[in-house]
Chemist: 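Let me begin by handing over the structure; questions about it come next.
Chain naming here is simple, since letters A, B, ... match the order of the sequence lines and numbering starts at 1 in each.
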Amino acid sequence: MVADVAPRRRPGYRRALRLRQEGRGAGRRETGDHPGASLSALEEPGREPRGQLPGQRSWANTPEAGRYTGGSTRIERGALMAEAVEKLTKKSEDPSRWYLDLVRMAKLADYGPVRGTFAIRPYGFAIWERIQRDLDDRFKATGHVNAYFPLLIPESFLNKEADHVEGFAPECAWVTMGGDNELEERLAIRPTSESIICEFYRGWIQSYRDLPLLINQWANVLRWEMVTRPFLRTSEFLWQEGHTVHATAGEAREETLRMLGVYRDVFYETLAIPVLTGVKSPSERFSGAVETYTCEGLMGDGRALQAATSHDLGQNFARAFDITFLDEQQERVHPYQTSWGFSTRTIGALILVHGDDRGLRLPPRLAPTEAVIVPIWRGKNKEDVRKEAEKLYVELQAAGFRMEVDLDEEHSPGWKFNEHELRGVPVRVEIGPKDIEKGQVVFVRRDTGEKEFVPRSGAKDRLRELLEEIQENMLAQATEFREANTRHAESYEEFQEIIAKKRGFVVAPWDGTEETEEKIKADTKATIRLLSSERQKGKDLVSGKPGEMAIFARAY
RNA sequence: CGGGACGUGGCGCAGUCUGGUAGCGCACUCGGCUGGGGGCCGAGUGGUCGCCGGUUCAAAUCCGGCCGUCCCGACCA
């Protein structure tokens, strides 16, 4: 299982010279330790040396790895001239394999040795870093500060809130040994941090003057999962969890909704994912919460994904952990709490919502690289084209764009086109001898594949516009898809047929009972994703009793 | 945990039935020609055939055991 440590060689200088820098700021790169990356660098700063690091070739390190590539090698152009080309499985043919192929081929993540563990590779992590930065800025803007709490939680803490234990104990990983000695009390590796944080909050909160307490934590958590998929469901995942404390129920509810709104904005404005927001049914509620609000996205295959949640915890945890404060009336009372989380699962949502047969499509605001320049050269004019490409790169980079120029000499332009489309770079800029002659550059947008010729002098302005257009278009496309796949069911037969044949969101009245919810789940595998905020009335399709509109779907 | 399948260079596989020189494609390395949608030619590197035991002159191949992984049926950001 251990990777053989292949001798590592530096990439030769004839090899890829690929410059990748943060557009804004002083030459900061997303992925690592090369602050001075510049045009004169002969190494390839933004790119992994191909296949040299054990960890990076390690998709192959685990025996199961092969299972995921089985369908992706195709024999083409006849049996005699058999030529195997690794191709992305078509999304429509086998969405599940397509997803796994894409994650692997775009170098987003790689399997770990323990079930459900994954390495997030530099490109995948660069995407996470952009999400992180966006969220963090918005948390700060709404008055929150960051802190960090312990990974290990004594079992007795977890046990304090009854619903909470019930929900999380079954999927906890436990530490029972310290060195060679058995521990007196076993310790959970945090599946979420409410209990350990409450333990601290008890000591930190004494007066109404200490409230509201608005803290966020960026952390990893661990949940022992049966079935795992990269990003969508992993045992260990990264997220942020906000934990706030308020003097009144009203303030707590307001905070819960405020953060739901922040998530919603990030989904719409940055990820271009038109999530629906609303309340969870009691059975889908967070263990220990009074109310759970959710952002639900509709994936390309018609299944729903819970993308982020915001919980109103009421006084449940405050009571269980004996958190009290003296209010303005000199009375000792329990405060009201909230918690809200957004995880790396979102990267999975991004892939499922926007990806296509060519690979990933990244919304510009999220893309680590907004545009990549691919020079088209021939032997005799290689140097001229290279100089022009580098000049353009410097110019656009200086204008604030996150740019990359692909000066790799080993691959053909066609190869590079495919590669950058796979990685989802929003815009490809081509520049070749013909373009130089005509004083133009070629822009090709990833979302539609459209090609346009732009005067060199107007490149900067047009790129700015184009990125905006792509961002808008991607949200529009996803919204159109969601609307086309949201249906109202008038009868239970119709409901079942839609779920079975078309998937998507189904809007139908629900009488509010667990019985009908259970029956629907047993019959169709569909669950209530959220209760519509519009509060429309209707008659439950199963029981015939009056109820309010709910959104159903099969979920990930 | 019940049912099915699989384990051979980094990856995908063939070879196993019928025991006898471990093979193909991709990737990787070197050289050259190329370059506007996954180029071509040539030369190379790389494998205790999951592990343990047995049968045999001889085991990837036959027999026994073990381990691991994947797929299908009960929980979750």
Chemist: Which is true for A:P413 with a 4.0 Å heavy-atom rule: it touches a base, it touches only sugar-phosphate, or it touches nothing?
Modeler: sugar-phosphate
Chemist: Write down the distance between CD (A:E225) and P (B:A74), rounded to a whole number of angstrom.
Modeler: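 Distance check: A:E225 CD to B:A74 P gives 15 Å.
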Chemist: Considering only side-chain heavy atoms of A:W415, which listed nucleotide, B:G39, B:A77, B:G37, is closest?
Modeler: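 So the nucleotide nearest the side chain must be B:G39.
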Chemist: Can you confirm whether the side chains of A:T256 and A:S310 place a donor and an acceptor under 3.5 Å from each other?
Modeler: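 Judged by distance alone, the side chains do not pair up.
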Chemist: Side-chain donor or acceptor of A:E421 under 3.5 Å from a matching atom on the base of B:G37?
Modeler: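 Present.
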Chemist: Tell me which nucleotide among B:G36, B:G38, B:C76 gets nearest to the side chain of A:R233.
Modeler: B:C76
Chemist: Would you mind telling me which of B:G38, B:G37, B:A77 lies closest to the side-chain atoms of A:F417?
Modeler: B:G37
Chemist: Mind checking salt bridge (Lys or Arg N to Asp or Glu O under 4.0 Å) for A:R462 and listing every partner two or more places apart, or none if nothing turns up?
Modeler: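 With sequence neighbours excluded, A:R462 shows a salt bridge (Lys or Arg N to Asp or Glu O under 4.0 Å) to A:E452, A:E465, A:E469, given in chain and number order.
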Chemist: Check if the side chain of A:R358 and the base of B:G38 share a donor-acceptor pair of N or O atoms closer than 3.5 Å.
Modeler: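 A donor-acceptor contact between them is absent.
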Chemist: Calculate the interatomic distance between A:K107 atom NZ and B:G10 atom C1'; express it in whole Å.
Modeler: 13 Å
Chemist: Take atom P in B:A58 and the same atom in B:C67, then report the distance between them in whole Å.
Modeler: 29 Å
Chemist: In terms of the nearest nucleotide of RNA chain B, which residue is placed more toward the 5' end: A:K451 or A:T294?
Modeler: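 Closer to the 5' end of RNA chain B: A:K451.
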Chemist: Do A:F237 and A:R223 have side-chain heavy atoms sitting under 4.5 Å apart?
Modeler: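 Yes, side chains in contact.
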Chemist: For B:C26, what is the paired nucleotide under Watson-Crick or G-U wobble rules, both distances under 3.5 Å?
Modeler: B:G10
Chemist: Taking the side chain as every heavy atom from C-beta outward, state whether A:W239 and A:T192 have any pair of such atoms under 4.5 Å apart.
Modeler: yes
Chemist: Picking from B:G36, B:A77, B:A74, which would you name as closest to the side chain of A:M226?
Modeler: B:A74
Chemist: When only distance counts, do a donor and an acceptor, one from the side chain of A:K382 and one from the base of B:G35, lie under 3.5 Å apart?
Modeler: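 Between B:G35 and A:K382, which were checked side chain against base, a qualifying N/O pair under 3.5 Å is present.
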Chemist: Taking the side chain as everything from C-beta on, heavy atoms only, tell me whether A:L422 gets closer than 4.5 Å to A:L102.
Modeler: yes
Chemist: Using atom C1' in both nucleotides, what's the gap between B:U29 and B:C70 to the nearest angstrom?
Modeler: 33 Å
Chemist: Taking a pair as Watson-Crick or G-U wobble with both distances under 3.5 Å, which nucleotide is matched to B:C1?
Modeler: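 Partner of B:C1: B:G73.
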Chemist: In this structure, how many angstroms lie between the C1' atom of B:G37 and the CG atom of A:L422, rounded?
Modeler: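 To the nearest whole Å, that distance equals 14 Å.
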Chemist: Measure from the side-chain heavy atoms of A:N418 and tell me the nearest of B:G36, B:G38, B:A77.
Modeler: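 It is B:G38.
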Chemist: Using the C1' atom in both, what is the distance from B:A59 to B:C52, to the nearest Å?
Modeler: 15 Å
Chemist: Take the protein atom CD of A:E236 and the nucleotide atom C1' of B:C76, then report the distance between them rounded to whole Å.
Modeler: 16 Å
Chemist: Rounded to the nearest angstrom, tell me the gap between atom CZ in A:F453 and atom P in B:G36.
Modeler: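 So the CZ-P distance, A:F453 to B:G36, works out to 15 Å.
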Chemist: Are any of the side-chain heavy atoms of A:T527 and A:E284 separated by less than 4.5 Å?
Modeler: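 Yes; the side chains approach each other to less than 4.5 Å.
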Chemist: Can you find a pair of side-chain heavy atoms, one from A:E194 and one from A:Q337, that are under 4.5 Å apart?
Modeler: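 No; the side chains remain at least 4.5 Å from each other.
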Chemist: Can you tell me how far P in B:G47 sits from the matching atom in B:C11, rounded to whole Å?
Modeler: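 After rounding to an integer number of Å, I get 13 Å for this pair.
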Chemist: Could you work out the separation of B:G10 and B:G50 based on their P atoms and round it to a whole Å?
Modeler: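 Straight-line distance between the two P atoms is 13 Å.
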Chemist: Side chain of A:E419: nearest nucleotide among B:G38, B:C76, B:A77?
Modeler: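 Among the listed nucleotides, the one closest to the side chain of A:E419 is B:G38.
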Chemist: Starting at atom CZ of A:R223, determine the distance to atom P of B:C75, rounded to an integer number of angstrom.
Modeler: 16 Å
Chemist: Mind checking A:T527 for me? I need base, sugar-phosphate or nothing, with any heavy atom below 4.0 Å counting as a touch.
Modeler: nothing
Chemist: Could you point out which residue of A:Q132, A:R130, A:R138 forms a side chain to side chain donor-acceptor pair (under 3.5 Å) with A:D134?
Modeler: A:R138
Chemist: With rounding to whole Å, what would you report as the distance between B:C6 and B:C51 at their C1' atoms?
Modeler: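 B:C6 and B:C51 have their C1' atoms separated by 16 Å.
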Chemist: Scan every strand shown for a Watson-Crick or G-U wobble partner of B:C40, both distances under 3.5 Å, and answer none if you come up empty.
Modeler: B:G32
Chemist: Looking for any heavy atom pair under 4.0 Å, which part of the strands does A:V227 touch: base, sugar-phosphate only, or nothing?
Modeler: nothing
Chemist: B:G36, B:C76, B:A77: which one has an atom nearest the side-chain heavy atoms of A:P433?
Modeler: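 Minimum distance to the A:P433 side chain belongs to B:G36.
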Chemist: Return the nucleotide paired to B:U55: Watson-Crick means purine N1 to pyrimidine N3 with N6-O4 or O6-N4, wobble means G-U with N1-O2 and O6-N3, both under 3.5 Å.
Modeler: none
Chemist: Could you tell me how far apart A:K380 (NZ) and B:C33 (P) are, to the nearest whole angstrom?
Modeler: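 The answer, rounded to whole Å, is 15 Å.
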Chemist: Any idea which of B:A77, B:G36, B:G39 is nearest the A:S412 side chain?
Modeler: B:G39
Chemist: In the strands shown, is B:U45 matched to any nucleotide by a Watson-Crick or G-U wobble pair with both distances under 3.5 Å, and which?
Modeler: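 Answer to the pairing question: none, since B:U45 forms no Watson-Crick or G-U pair.
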Chemist: Write down the distance separating the P atoms in B:A14 and B:G7, rounded off to the nearest Å.
Modeler: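 Taking atom P in both B:A14 and B:G7, they lie 7 Å apart.
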Chemist: Could you tell me whether A:E430 contacts a base, only the sugar-phosphate backbone, or nothing, with contacts defined as non-hydrogen atoms closer than 4.0 Å?
Modeler: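 Contact class for A:E430: base.
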Chemist: Would you indicate what A:G432 reaches in the nucleic acid, counting non-hydrogen atoms under 4.0 angstrom: base, sugar-phosphate, or nothing?
Modeler: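 Base: the residue A:G432, judged by heavy atoms under 4.0 Å, touches a nucleobase.
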Chemist: With rounding to the closest Å, how many angstrom separate the C1' atoms on B:A60 and B:G9?
Modeler: 14 Å
Chemist: Rounded to the nearest angstrom, tell me the gap between atom CG in A:L135 and atom C1' in B:A77.
Modeler: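 Whole-Å distance recorded here is 13 Å.
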